[in-house]
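Shown next, in structure tokens, is the structure this report addresses.
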Amino acid sequence: MGEQFGNLVRQYPWHVVCLVSLLFIVGQGLLIFLAKKNNWSLRVRPIQILMFVVLFICSLYMIITGQSTM
């Protein structure tokens, strides 16, 4: 299994980065939504969320243009 995942990362590095950053952004948005709805206390780290948004946009650009490195 580790060998297959390593090949996937080598073959599609920007796809993996795009997917991981998108999952983080959606997960943080869902947590913020649930915290507001249920009146929970939650620490929001906007710099971390902004970093993943920039990472998502950069990886999406790399996928669309076909660039392999920045």
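These numbers come from the heavy atoms of this one structure, side chains and all, not from hydrogens, waters or symmetry mates.
- Residues satisfying the ring pair (Phe, Tyr, Trp, His ring centres under 6.0 Å) criterion with Phe56, sequence neighbours excluded, are absent altogether.
- Under the 4.5 Å side-chain contact rule for hydrophobic residues, Tyr61 and Leu55 share a cluster.
- A continuous path of Ile, Leu, Val, Met, Phe, Trp and Tyr side chains, each step under 4.5 Å between heavy atoms, connects Ile57 with Ile49, placing both in one hydrophobic cluster.
- Between atom OG1 of residue Thr65 and atom CH2 of residue Trp14 there is a gap of 10.0 Å, rounded to the nearest 0.5 Å.
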Donor-acceptor pairs under 3.5 angstrom involving side-chain atoms of residues 21-45: please list them, not counting sequence neighbours.
residue: Ser21; atom: OG; partner: Val17; partner atom: O; Å: 2.9
residue: Ser21; atom: OG; partner: Cys18; partner atom: O; Å: 3.0
residue: Asn38; atom: ND2; partner: Leu34; partner atom: O; Å: 3.4

